[in-house]
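These notes are about the structure you will find just below.
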Amino acid sequence: GPDGPVEIKAPMPGLVVDVEVTEGDEVAVGQGIAVIESMKMENEIRAETAGVAEKVLIQGGQTVDKGQSLVRIVPPE
């Protein structure tokens, strides 16, 4: 796995419908991180790596751009 923090980024622009993790949560590979609505479709964004959600950079109701960082995950200690 990665040695340092991994930032989960928005794959498309849209509206954050739901944030499924909070700072300090343990995250597993494939776990839902957030739901973004884009072009009237809801897309669940999933973790690409396991670790701890160090920083949640979004909140529900916020619009995001493609490539914008959503959550920073650090490897487990």
Side-chain angles (χ1 to χ4, degrees):
D3 293 331
V6 172
E7 298 216 352
I8 306 300
K9 298 182 186 274
M12 79 286 287
L15 176 71
V16 177
V17 178
D18 189 25
V19 180
E20 300 177 344
V21 296
T22 57
E23 291 180 7
D25 284 356
E26 287 194 24
V27 178
V29 174
Q31 178 178 335
I33 297 294
V35 178
I36 296 178
E37 182 180 301
S38 180
M39 297 173 24
K40 299 185 182 179
M41 293 186 62
E42 290 189 358
N43 301 283
E44 185 169 41
I45 310 306
R46 298 182 178 273
E48 301 159 2
T49 185
V52 176
E54 176 187 57
K55 188 78 174 161
V56 177
L57 304 164
I58 53 167
Q59 58 188 3
Q62 176 182 345
T63 56
V64 293
D65 294 320
K66 180 178 180 178
Q68 182 173 335
S69 294
L70 307 174
V71 177
R72 184 178 310 125
I73 298 174
V74 294
E77 305 245 343

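Fair warning: this is a prediction, and the values are worked out from it, not measured in the lab. Counting from 1, the numbers follow the sequence of the chain as shown. All heavy atoms count here, side chains included; hydrogens, waters and symmetry mates do not.
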Remaining members of the apolar cluster that contains V35, side-chain heavy atoms under 4.5 Å: V17

Taking all non-hydrogen atoms of both residues, which atom of A50 and which atom of P76 are closest, and how far apart? O-CD, 3.8 Å

Report yes if some heavy atom in the side chain of E20 is under 4.5 Å from a heavy atom in the side chain of D18; otherwise report no. yes

Go through it in stages, so that I can follow the logic: the residues are Q62 and V64, the test is side-chain contact (heavy atoms from CB on, under 4.5 Å), and I'd like the CA-CA distance, side-chain angles, deciding distance and then a yes or no. CA-CA 6 Å; Q62 176 182 345; V64 293; 4.2 Å; yes

When rounded to the nearest 0.5 angstrom, what distance separates CD1 in I45 from NZ in K9? 13.5 Å

Do P11 and N43 have side-chain heavy atoms sitting under 4.5 Å apart? no

Keeping E23 on the side-chain end and V56 on the backbone end, is there a donor-acceptor pair under 3.5 Å? yes

Close side-chain approach of I73 and E7, heavy atoms under 4.5 Å: no

Share the residues that join V74 in a hydrophobic cluster, the rule being Ile, Leu, Val, Met, Phe, Trp or Tyr side chains under 4.5 Å apart at the heavy-atom level. V52

Nearest heavy-atom neighbours spanning V71 and A53: CG1-CB, 4.1 Å

Hits for side-chain hydrogen bond (donor to acceptor under 3.5 Å, both in side chains) against D25, two or more places apart or cross-chain, chain-then-number order -> T22

Which heavy atom in I58 sits nearest to a heavy atom in A34, and how many Å separate them? CD1-CB, 3.9 Å

Is there a path of hydrophobic side-chain contacts, each under 4.5 Å between heavy atoms of I/L/V/M/F/W/Y residues, joining L57 to V16? no

Taking atom CD of E26 as the centre, does the number of heavy atoms from other residues, nucleotides or ligands within less than 6.0 Å exceed 12? no

Non-hydrogen atoms of A10 and D65 that approach each other most closely: CB-O, 3.5 Å

Exercise: identify the closest heavy-atom pair between G4 and P75: O-CD, 3.5 Å

Flag the pair I36 / M12 as yes when at least one side-chain heavy-atom distance between them is below 4.5 Å, and no otherwise. yes

Output, in order, the C-alpha distance, side-chain angles, deciding distance and verdict of salt bridge (charged side-chain N to carboxylate O under 4.0 Å, His left out) for R46 and E48. CA-CA 6 Å; R46 298 182 178 273; E48 301 159 2; over 6 Å; no

